[in-house]
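The next block holds one structure in the form of structure tokens; read it before the comments.
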Amino acid sequence: MAKRSQAMWGGRFTAGPADLMLQFSESVSFDRRLAPFDVAGSKAHSAMLAHVGLITAKERDAIHAGLDAILADITAGKFTWETKLEDVHMNIEQALTKRVPAAAKLHTARSRNDQIATDMRLFFKQACAVLGEKILGAEQALLALAAANRSVIIPGYTHLQRAQPVPMAHHLLAWLEMLERDRVRFGAVAAQANWCPLGAGAIAGTTLPIDREFTAKALGFVDAKGRPQVTQNSMDTVADRDLFIEFAAAAALFGVHLSRIAEDLILWSSAEFKFVELPDAFCTGSSLMPQKKNPDSCELLRGKSARLQGNLHTLLTLTKGLPLTYNRDLQEDKPPIFDSFDQAALCADVLAGTLAGITVNAGRCAAAVADPALLATDLADYLVQKGVAFRDAHHAVGAVVRLAETQQVGINALATADVQSVHPAFAADWTEVFDLSRALAKRAGTGMPGPAQINRQMARWRKRLT
Ligand code: ARG
């Protein structure tokens with residue numbers, strides 16, 4: 001006779017598992033966090049069993065009361081998790097069995113395969129909502145930073161070389177675009193999660209007359225019109241881990257964005273740039289060099305992104321080559337998911353906190369953007385407006401830049417006669433190009449960094465983010 005503790009599946013066994021095997025195969029150490037979803041799933045499932053007459057209303061009520069009490073114990077930290085019971089499902093079911101006789105009927109027409117798929121879909125819906133909120137918080141901090149520094153102009157960079165002047169707000173709003181795509185992406189993952197697996201059983205459904213739509217409705221797996229959404233193939237239902245990969249991919253890409261934002265901030269806070277001062281609360285010092293203030297929150301944001309990518313890779317490798325349908329390998333799908341969620345959530349909060357405490361060094365920004373050569377492209381546009389072909393204008397302005405270098409003066413300090421010797425289309429008004437606010441004001445088209453456009457974008461974001 002198998003040990004009583006393996007009552008869930010021990011009927012055909014003459015001996016219980018080795019201690020080493022128990023240790024090796026347990027998942028309760030990490031899947032216990034699914035308890036609220038597992039309980040919700042079991043309550044909906046038992047409600048459905050009563051609805052179709054497979055259990056009585058009394059049995060359902062006893063099961064519900066027992067599950068509520070168990071969840072209360074779990075929440076209060078009073079529940080004893082047992083490794084030998086493998087996972088969250090069997091721990092809860094076993095505890096229920098001790099409380100109510102009807103518990104023996106709970107697993108009717110259900111398998112841990114459709115049960116874990118359900119728990120995880122409920123988890124993903126919540127996780128995406130939480131991340132959406134947290135990313136929103138970071139976005140709001142970003143918008144506030146942009147609004148507070150509207151008048152600051154910095155060089156925009158390509159190849160990490162000064163390229164063209166842009167309002168710092170334009171750069172910050174570029175980050176906002178990235179984060180908003182992440183938020184939308186997690187919303188899309190939540191929509192994918194919104195299909196109820198219960199009823200798929202282990203692989204081939206059940207012979208019992210269950211009502212899958214009832215369960216789906218009870219768990220909130222419904223479309224915008226409140227119609228139940230149930231998965232459409234029992235084999236795919238228990239084998240599919242696309243959602244895990246989609247969630248991890250969304251987290252990995254969010255991580256890439258965090259890392260790029262962090263890298264910009266690390267550069268901006270260095271002595272070489274000094275565009276910004278990062279908040280003390282999100283920096284640390286050196287144990288050796290007393291003068292150091294290190295941008296640790298940003299470096300960790302950059303570092304964590306490696307971990308988020310690793311988790312995605314783990315899941316891709318885990319599922320590749322698995323025969324349909326469920327295989328125990330799939331138990332390994334949860335640690336990377338929980339880690340991606342936990343880390344992404346922390347990262348979003350840390351980014352928000354870091355952004356909220358940033359002060360901008362307007363003087364350093366103004367100095368960095370003062371080089372008139374940053375408006376060389378505007379000078380080429382000036383020639384174009386005088387009728388010169390762009391390629392010729394580009395070439396002529398290149399020669400003007402070279403001339404300024406030879407004379408060791410700013411490009412705008414050259415004599416008009418000198419620039420006219422480079423190209424006759426230069427007129428007396430050529431230096432007007434170097435008025436920075438005039439240069440930006442001309443960039444009024446959608447998506448450009450002119451002040452009118454920045455105002456419009458800020459208004460759009462204010463509306464979208466509140
Ligand atoms: N703990 C298992 C997992 O995470 C639950 C499903 C177990 N199913 C099974 N047939 N052993 O995947």
Side-chain angles (χ1 to χ4, degrees), residues 2-3 5-13 16-18 20-42 44-45 70 74 79 81-97 106-124 126-127 193 196-206 215 219 231 233-245 247-248 311 314-342:
K3 287 186 199 163
S5 60
Q6 262 63 55
M8 306 296 171
W9 49 254
R12 57 107 60 225
F13 286 76
L20 180 60
M21 179 55 189
L22 288 175
Q23 222 186 80
F24 187 58
S25 73
E26 69 86 22
S27 58
V28 68
S29 56
F30 53 85
D31 67 16
R32 66 174 69 168
R33 67 189 284 170
L34 294 172
F37 308 113
D38 202 67
V39 165
S42 289
H45 182 67
I70 288 168
I74 292 172
F79 188 84
W81 295 101
E82 301 216 38
T83 307
K84 66 173 187 287
L85 292 174
E86 274 185 39
D87 55 23
V88 61
H89 320 299
M90 297 210 288
N91 266 272
I92 292 176
E93 196 184 323
Q94 184 83 336
L96 188 66
T97 307
L106 173 60
H107 214 50
T108 307
R110 188 177 72 171
S111 155
R112 276 186 294 156
N113 295 352
D114 57 352
Q115 192 176 355
I116 187 61
T118 306
D119 288 10
M120 287 305 288
R121 281 176 181 269
L122 292 170
F123 167 84
F124 282 124
Q126 192 191 75
C196 188
L198 279 177
I203 168 171
T206 174
T215 318
L219 285 171
T231 56
N233 180 298
S234 65
M235 292 180 74
D236 179 52
T237 300
V238 294
D240 170 36
R241 290 297 181 273
D242 288 5
L243 197 50
F244 292 61
I245 292 168
F247 180 85
N311 289 337
T314 298
L315 289 163
L316 288 166
T317 311
L318 180 70
T319 41
K320 172 196 172 301
L322 277 190
L324 257 49
T325 54
Y326 180 82
N327 299 269
R328 192 64 183 278
D329 316 42
L330 291 176
Q331 183 165 289
E332 288 294 315
D333 60 9
K334 281 168 282 301
I337 286 296
F338 294 152
D339 187 59
S340 281
F341 170 63
D342 294 340

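Atoms considered below: every heavy atom in the structure, side chains included; atoms not considered: hydrogens, waters and symmetry mates. Each ligand, and each atom within it, is numbered from 1 in the order the structure gives. We're numbering straight along the sequence, starting at 1.
- A donor-acceptor pair shorter than 3.5 Å cannot be found between the side chains of Asn91 and Glu82.
- Using the six-membered ring where Trp is involved, Phe341 and Phe123 have ring planes that are perpendicular, over 60° apart on the 30 and 60° scheme.
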Taking it one step at a time, do His107 and Gln115 satisfy side chain to side chain contact (heavy atoms under 4.5 Å, CB included)? CA-CA 10 Å; His107 214 50; Gln115 192 176 355; 3.3 Å; yes
Derivation and outcome, side chain to side chain contact (heavy atoms under 4.5 Å, CB included), residues Thr231 and Asp236: CA-CA 8 Å; Thr231 56; Asp236 179 52; over 6 Å; no
Can you list every pair where an N/O of ligand 1 is under 3.5 Å from an N/O on the protein?
from, atom 1, to, atom 2, distance (Å)
ligand 1, 1 (N), Ser27, OG, 3.4
ligand 1, 1 (N), Asp87, OD2, 3.0
ligand 1, 1 (N), Gln331, OE1, 2.9
ligand 1, 4 (O), Lys334, NZ, 2.6
ligand 1, 8 (N), Asn113, OD1, 2.9
ligand 1, 10 (N), Asn113, OD1, 3.2
ligand 1, 12 (O), Tyr326, OH, 2.4

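- Looking at Lys334 and Leu34, their side chains come closer than 4.5 Å, going by heavy atoms from C-beta outward.
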Distance-only donor-acceptor pairs under 3.5 Å for side chains of residues 20-28, two or more places apart:
from, atom 1, to, atom 2, distance (Å)
Ser25, OG, Met21, O, 3.1
Glu26, OE1, Val28, N, 2.9
Glu26, OE1, Ser29, N, 2.8
Glu26, OE1, Ser29, OG, 3.2
Glu26, OE2, Ser29, OG, 2.6
Ser27, OG, Asp31, OD2, 2.6

